[in-house]
Amino acid sequence: MPLRLRSLLASLPFLLLPAPPMHAAQPLPPTITEESQVPPYELPQPLLSSANTPILSPSQWETLRRPELLRLFETHVYGKTPLGRPDALRFVVREEIPNARGNQATRLRVALLFDGTETGPQMELLVYLPNHVPGPVPVILGLNFDGNYTTTAEPDLPVPSHWAMGLFANKLEKHTPSPAGRGIHQHLWPYAYALEHGFGVATAAYGEIEPDADGFAPQGPRGLAPLPESGAWGRIGAWAWGLSRAMDYLETHPRVDAQRVVLTGFSRLGKAALWAGAQDPRFAMVASFGSGAGGAALSKRLFGETVQHLVARNAGWFTPSFTQYAANEAQLPVDQHELLALIAPRPLLVTSGSTDLWSDPRGEFLSALAASPVYQLLGHSGLPPTMPPASSLLESRIGYFLRPGAHDVTLEDWQALLRFAKKHLP
């Protein structure tokens, strides 16, 4: 990483971890962090087809424009997901504890065996269900970075053997989970708060689905898939696929209300959550925490992280054709507001940290605002045109929350998430 870029990002340790070799053929330009420096840009219209046909009705959206936008994101951004639920997919409950967390929850560890075998590609889903709610409960589902045992200090969760990134203070040798990481990311997962409010929580480690590094595709779901005709899928697509497999399991549990599963994710996992939500309509609501470039933030603004930064450090997240838009964002035929629009009319909450300029909070708000006409076409209110002050939640069907602070997830984010979910889920 060039020295000047490292100095700009010194306050964002999440982004300064070892990354794949840079693919850029030229030095990266200075990062724009001032609104006055944003160049003019033009967004594609979500309600205008590629043939310039105005989309004037919900049926036109569902049958014409929505499938068209999905194809554009498959071709130019994330790649096409060539398989759904494998016939051999098998669920194995490895553990069920009915009195976990001081009898606050029932805790399950469930193996999702993608090819049906214990030795093949798989992930372990950690599930908490509130004991004080008798009926089926809504569940918040999201991926974590370094293993389920890092999300809680409970001493009996096993230290896994899968690949882990090693984020924040959790420095890992050769990406191998360590006992020292137990509970190190628990502030990202306030289980007690969610359970108290009647919500279950389910999570799995993204690196168990597929490691976040080049060369591991054969070990994950991409190794199970036939080659797509075009637009090979990247790691974001693989992680999104894993989220849908988690949904496959949640649909089978009698204490889970499968009609009220909320999909969420932070940073790169927010990108995966948005792409999963766009593809899989079973998720009743989607929420992204600081998903930034390649997630909720507009690409054509060139503010903070850009396509050029993305493909220089993490080209493997995307389909190979995405690299052609590095320093060429104006030619990208879609932008991220259209990804958000693909989730309509389901509730969607975008959250940002006020000082997380790398993720472009204003660009995330403007993206949600530009997706609002689709929500309005489908019978719901959109965002007001003015970005709110910090700690303000906009609760329209497509919502926005700005939290004071940097690139992180806090209890305040979860408070906004649950408030939004309680309003919009039946």
Side-chain angles (χ1 to χ4, degrees), residues 17-21 23 74 78-92 94 109-126 141-151 158-167 170 172-178 181 202-228 231-249 265 267-269 271-273 275-276 279-280 294 310-311 313-320 322:
L17 296 162
H23 298 267
E74 290 171 347
Y78 304 110
K80 183 176 182 179
T81 304
L83 78 164
R85 175 175 176 162
D87 292 337
L89 178 68
R90 189 159 62 97
F91 310 127
V92 177
R94 290 175 173 164
R109 291 172 44 227
V110 184
L112 279 65
L113 308 178
F114 299 152
D115 67 356
T117 71
E118 289 280 359
T119 56
Q122 61 184 271
M123 70 180 185
E124 183 171 290
L125 194 65
L126 176 64
L141 168 66
L143 298 176
N144 66 73
F145 288 104
D146 287 344
N148 296 338
Y149 81 114
T150 68
T151 70
V159 177
S161 58
H162 60 67
W163 185 101
M165 173 60 81
L167 292 176
N170 190 31
L172 299 178
E173 184 177 352
K174 298 182 179 179
H175 297 288
T176 301
S178 161
T203 187
Y206 87 129
E208 189 172 20
I209 302 171
E210 182 178 318
D212 191 3
D214 293 338
F216 288 97
Q219 298 182 19
R222 293 193 289 170
L224 301 175
L227 292 175
W233 51 326
R235 293 195 291 274
I236 286 176
W239 303 327
W241 181 89
L243 287 165
S244 285
R245 305 292 69 79
M247 183 66 185
D248 292 339
Y249 170 73
S267 197
R268 69 194 69 180
L269 303 183
K271 307 180 205 304
W275 182 226
Q279 296 177 93
D280 191 338
L310 282 171
V311 302
R313 290 175 51 84
N314 294 295
W317 290 355
F318 304 94
T319 191
F322 189 57

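Positions are given from 1 along the sequence.
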Show the nearest heavy-atom pair for residues [X] and [Y], with the distance to one decimal.
X	Y	value
Tyr78	Ile236	CD2-CG2, 3.8 Å
Asn170	Gly181	OD1-CA, 3.6 Å
Ala272	Ala240	O-CB, 3.6 Å

Quick check: does any side chain N or O of [X] sit under 3.5 Å from a backbone N or O of [Y], one acting as donor and the other as acceptor?
X	Y	answer
Arg235	Glu210	no
His175	Met165	yes
Thr319	Ala232	yes
Asn314	Gly316	no
Glu124	Leu112	no

Are [X] and [Y] packed together at the side-chain level, in the sense that at least one heavy-atom pair is separated by less than 4.5 angstrom?
X	Y	value
Pro158	Tyr149	no
Arg268	Leu310	no
Ile209	Pro221	yes
Asp146	Thr150	yes
Pro177	Trp163	no
Asp115	Pro86	no
Leu113	Glu118	yes
Met123	Phe114	yes

What orientation do Tyr206 and Phe145 show, parallel under 30°, tilted 30 to 60°, or perpendicular over 60°?
-> perpendicular
Under 6.0 Å between ring centres, would you say that holds for Phe318 and Trp275?
-> no
So does Glu173 have more than 12 non-hydrogen atoms from other groups sitting under 6.0 Å from CD?
-> no
Evaluate the criterion side chain to side chain donor-acceptor pair (under 3.5 Å) for residue pair Trp239 and Asp212; output intermediate values, then yes/no.
-> CA-CA 10 Å; Trp239 303 327; Asp212 191 3; over 6 Å; no
Step by step, work out the side-chain contact (heavy atoms from CB on, under 4.5 Å) result for Ser178 and Val159.
-> CA-CA 7 Å; Ser178 161; Val159 177; over 6 Å; no
Quick one: pull up [atom1] in [X] and [atom2] in [Y] and give me the separation to the nearest 0.5 Å.
X	Y	atom1	atom2	result
Glu208	His162	CD	NE2	4.5 Å
Leu243	Leu141	CG	CG	5.5 Å
Gln122	Leu89	CD	CG	11.5 Å

Given Lys80 and Trp233, is the side-chain contact (heavy atoms from CB on, under 4.5 Å) satisfied, shown in steps?
-> CA-CA 5 Å; Lys80 183 176 182 179; Trp233 51 326; 5.9 Å; no
Using the side-chain contact (heavy atoms from CB on, under 4.5 Å) rule, pick out the option among Asn148, Asn144, Val110 that qualifies with Leu126.
-> Asn148
Side chain to side chain donor-acceptor pair (under 3.5 Å) evaluation trace for Thr81 with Gln279 | CA-CA 9 Å; Thr81 304; Gln279 296 177 93; 3.1 Å; yes
